[in-house]
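Atoms within each ligand, like the ligands themselves, are counted from 1 in listed order.
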Amino acid sequence: MEMEIALQKFQQYVDAENKIEAKDWMPEGYRKTLIRQIGQHAHSEIIGMLPEGNWITRAPSLRRKAILLAKVQDEAGHGLYLYCAAETLGVDRDTMTEEMLSGKAKYSSIFNYPTISWADIGTIGWLVDGAAIVNQVSLQRTSYGPYSRALIRICKEESFHQRQGYEICIALSKGTAEQKKMLQDAFNRFWWPSLMMFGPSDKDSAHSSQNMVWKIKRHSNDDLRQKFVDMTVAQAEYLGLTIPDPDLKWNEETGHYDFGEIDWTEFNEVVKGNGPCNKERVAAKQKAWSEGEWVREAAVAYAEKQKEKAAQSAA
Ligand code: BYC
């Protein structure tokens with residue numbers, strides 16, 4: 001009975017658009033699903049550094065290199081804000097990292113595709129950061145305060161990322177026939193995986209209905225995917241690109257674009273760990289984790305020494 005009252009009060013508080021803070025009472029399911037989602041989001045930012053980091057040494061000019069370096073560093077920062085937001089829910093960062101390294105915790109499917117040309121970097125900034133913004137702008141209104149505040153900061157930087165990607169695409173679209181071809185090829189490979197970033201369709205989404213009630217999620221996977229398609233078609237047309245979907249067409253009645261069926265078999269395979277780069281991505285992070293062990297140990301030893309010193313001088 002007491003629990004029922006607490007749940008009711010919690011729901012009323014959320015319904016009134018109040019933010020839940022770290023020390024507030026919350027249902028265990030709310031805490032668990034947030035740790036899952038924020039953790040997955042943080043891991044995505046960190047793993048997302050790999051495909052783009054792959055091009056830092058090969059960016060075509062010093063200007064492009066400096067911009068890409070800053071973008072990839074921003075992603076590390078986003079990962080850190082998000083790990084901190086998750087830690088306020090009582091999970092520690094090492095546990096989250098270990099779960100990602102063991103494959104227990106997921107990260108976004110999109111980062112399991114290779115980056116094989118410079119046009120991929122423009123396309124990722126434009127489409128992948130573009131899709132991330134659509135999702136994250138919605139999540140800025142999430143009911144959990146620390147997550148919401150992290151997302152407000154992240155979205156500001158993400159907008160810059162999207163524009164840097166689109167600017168690369170504009171340059172290539174005005175370039176040689178070979179550059180235009182390279183852009184179309186990147187677009188062909190990233191279009192469908194970008195639509196998959198929004199998750200399974202609403203009817204198959206395990207967490208959506210409860211998380212919408214708790215206002216963790218503010219829009220459904222399909223609604224956000226549709227929003228992304230609607231805003232991206234005109235951008236692709238401006239670049240002179242052909243969208244790799246014969247079923248894509250404007251629907252006068254709904255006021256939205258209709259689009260073809262996503263290959264859910266591919267999505268499920270990538271999420272299960274069988275995408276083109278899953279093994280490579282996780283192996284790179286495992287290597288970094290084990291090579292960084294001495295740094296973590298040294299930092300702990302130093303912190304302990306400092307604590308001892310402070311205790312001695314206080315005595
Ligand atoms: N990839 O019930 P559902 C970025 C999992 S952007 C892998 O609909 P939910 C960046 C899902 O976790 C990318 N797994 O779940 C951009 C669940 O599995 P579990 C990161 C996926 O949570 C540029 C299961 O499928 N953004 O970081 O209601 C450069 C069932 O799904 C995917 C975020 O993470 C996927 N695409 O909705 C660098 C945003 N989709 O946990 C970095 C925050 C679904 O039950 N997250 N799954 O084992 C969200 O908004 C939501 O978690 C999702 C999924 C919309 C992604």
Side-chain angles (χ1 to χ4, degrees), residues 29 32-53 68 71-83 85-86 99-100 103-113 115 120-121 123-142 144 147-148 150-151 154-155 157-162 164-165 190 192-214 216-225 227-228 262 264 266-275 278 281:
K32 265 174 89 176
T33 200
L34 267 173
I35 291 175
R36 177 193 64 81
Q37 176 170 326
I38 304 174
Q40 172 189 301
H41 195 165
H43 303 325
S44 302
E45 297 283 355
I46 299 301
I47 300 255
M49 295 168 75
L50 294 170
E52 291 178 288
L68 184 59
K71 178 189 192 281
V72 173
Q73 282 176 348
D74 283 353
E75 276 148 17
H78 297 174
L80 296 184
Y81 304 154
L82 290 164
Y83 282 127
E99 285 184 355
M100 182 255 284
K104 189 171 168 226
K106 296 189 166 87
Y107 60 88
S108 183
S109 49
I110 191 70
F111 303 115
N112 293 306
Y113 292 86
T115 42
D120 289 10
I121 301 305
T123 307
I124 286 180
W126 167 35
L127 296 182
V128 175
D129 289 84
I133 292 170
V134 169
N135 172 278
Q136 289 165 180
V137 163
S138 163
L139 283 174
Q140 287 181 120
R141 290 179 50 238
T142 192
Y144 188 54
Y147 191 27
S148 164
L151 283 157
I154 289 172
C155 281
E157 291 173 349
E158 216 77 272
S159 303
F160 152 73
H161 294 175
Q162 195 269 354
Q164 71 82 36
F190 278 98
W192 289 106
S194 300
L195 300 193
M196 293 175 196
M197 284 175 70
F198 296 94
S201 65
D202 293 351
K203 66 176 176 21
D204 297 321
S205 169
H207 304 289
S208 278
S209 47
Q210 179 60 68
N211 288 357
M212 295 280 278
V213 172
W214 278 332
I216 290 174
K217 273 172 108 155
R218 305 305 306 246
H219 296 93
S220 79
N221 297 1
D222 286 335
D223 285 352
L224 293 175
R225 188 168 13 247
K227 193 167 187 218
F228 175 72
I262 288 173
W264 294 115
E266 175 180 326
F267 172 75
N268 289 325
E269 282 304 308
V270 176
V271 171
K272 267 197 287 181
N274 302 324
N278 295 59
R281 299 287 184 245

K.L.:
Any idea which of A76, G199, P200 brings a heavy atom closest to atom 31 (O) of ligand 1?
P.N.:
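Nearest option to atom 31 (O) of ligand 1, by heavy atoms: P200.
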K.L.:
In a check of side-chain hydrogen bond (donor to acceptor under 3.5 Å, both in side chains) between N221 and each of R225, H219, K217, which one passes?
P.N.:
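Looking at R225, H219, K217, the match for N221 under the side-chain hydrogen bond (donor to acceptor under 3.5 Å, both in side chains) is K217.
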K.L.:
Under 4.0 Å from ligand 1, counting heavy atoms only, is it the side chain of F267, its backbone, both or neither?
P.N.:
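Under 4.0 Å from ligand 1, F267 contributes side-chain atoms alone.
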K.L.:
Please name the residue in the list V128, I46, L50 that meets the side chain to side chain contact (heavy atoms under 4.5 Å, CB included) test with F111.
P.N.:
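One option only clears the test, and that one is V128.
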K.L.:
From atom 56 (C) of ligand 1, work out which of Q40, E45, K272, Q210 has a heavy atom at the shortest distance.
P.N.:
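Looking at heavy atoms only, Q40 sits closest to atom 56 (C) of ligand 1.
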K.L.:
Students should be able to answer this: which protein heavy-atom is nearest to atom 54 (C) of ligand 1, and at what distance?
P.N.:
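For atom 54 (C) of ligand 1, the nearest protein heavy atom is K217 NZ, 4.2 Å.
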K.L.:
As a quick check of understanding, evaluate side chain to side chain contact (heavy atoms under 4.5 Å, CB included) for N135 and F228, giving each step before the final call.
P.N.:
CA-CA 9 Å; N135 172 278; F228 175 72; over 6 Å; no
K.L.:
Closest by any non-hydrogen atom to atom 1 (N) of ligand 1: pick that one out of S201, G48, G125, S109.
P.N.:
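Ranked by closest heavy atom to atom 1 (N) of ligand 1, first place is S109.
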K.L.:
Relative to ligand 1, is N221 under 4.0 angstrom through side chain, backbone, both or neither, heavy atoms considered?
P.N.:
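For N221, only side-chain atoms sit under 4.0 Å from ligand 1.
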K.L.:
Have a look at ligand 1 and work out which part of F198, if any, has a heavy atom under 4.0 Å from it: side chain, backbone, both or neither.
P.N.:
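Just the backbone.
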K.L.:
State the CG-CZ distance between D222 and F198, to the nearest 0.5 angstrom.
P.N.:
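Output value for this atom pair is 10.5 Å.
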K.L.:
Are L139 and R218 close enough, and set up right, to give a side chain to side chain contact (heavy atoms under 4.5 Å, CB included), and what steps lead you there?
P.N.:
CA-CA 6 Å; L139 283 174; R218 305 305 306 246; 5.9 Å; no
K.L.:
Could you see which bit of Q37 sits under 4.0 Å from ligand 1, with heavy atoms only: side chain, backbone, both or neither?
P.N.:
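For Q37, the contact with ligand 1 is made by the side chain alone.
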K.L.:
Test of understanding: given a 4.0 Å heavy-atom threshold, classify the contact between M196 and ligand 1 as side chain, backbone, both, or neither.
P.N.:
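Near ligand 1, M196 shows its backbone, while the atoms from C-beta on stay back.
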K.L.:
Distance check, rounded to the nearest 0.5 Å: H161 atom NE2 versus L68 atom CG?
P.N.:
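So the NE2 of H161 and the CG of L68 are separated by 9.5 Å.
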K.L.:
When you look at E269 and K272, which way does the side chain to side chain contact (heavy atoms under 4.5 Å, CB included) test go after all the steps?
P.N.:
CA-CA 5 Å; E269 282 304 308; K272 267 197 287 181; 3.1 Å; yes
K.L.:
Once you restrict to heavy atoms under 4.0 Å, what part of L139 touches ligand 1? Side chain, backbone, both or neither.
P.N.:
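Answer for L139: side chain.
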K.L.:
Quick one: look at N135 and ligand 1, take heavy-atom pairs under 4.0 Å, and tell me if it's side chain, backbone, both or neither.
P.N.:
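For N135, the contact with ligand 1 is made by the side chain alone.
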K.L.:
Give, for atom OH of Y144 and atom CG of L34, the distance between the pair rounded to the nearest 0.5 Å.
P.N.:
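These two atoms lie 7.5 Å from each other.
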K.L.:
Under 4.0 Å from ligand 1, counting heavy atoms only, is it the side chain of K106, its backbone, both or neither?
P.N.:
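Just the side chain.
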K.L.:
What do the steps show when you test N112 against Y107 for side chain to side chain contact (heavy atoms under 4.5 Å, CB included), and what is the final call?
P.N.:
CA-CA 9 Å; N112 293 306; Y107 60 88; 2.6 Å; yes
K.L.:
Pick whichever of S220, G275, A206 has a heavy atom sitting closest to atom 2 (O) of ligand 1.
P.N.:
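Ranked by closest heavy atom to atom 2 (O) of ligand 1, first place is A206.
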K.L.:
Students should be able to answer this: which protein heavy-atom is nearest to atom 6 (S) of ligand 1, and at what distance?
P.N.:
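Heavy-atom neighbour on the protein nearest atom 6 (S) of ligand 1: A132 CB, 3.6 Å.
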K.L.:
Provide, to 0.1 Å, the distance between atom 7 (C) of ligand 1 and the closest protein heavy atom, together with that atom's residue and name.
P.N.:
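Among all protein heavy atoms, the one nearest atom 7 (C) of ligand 1 is Y107 O, 3.3 Å.
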K.L.:
Using a 4.0 Å heavy-atom threshold (strictly under), name the region of H41 that reaches ligand 1: side chain, backbone, both or neither.
P.N.:
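Contact part for H41 vs ligand 1: both backbone and side chain.
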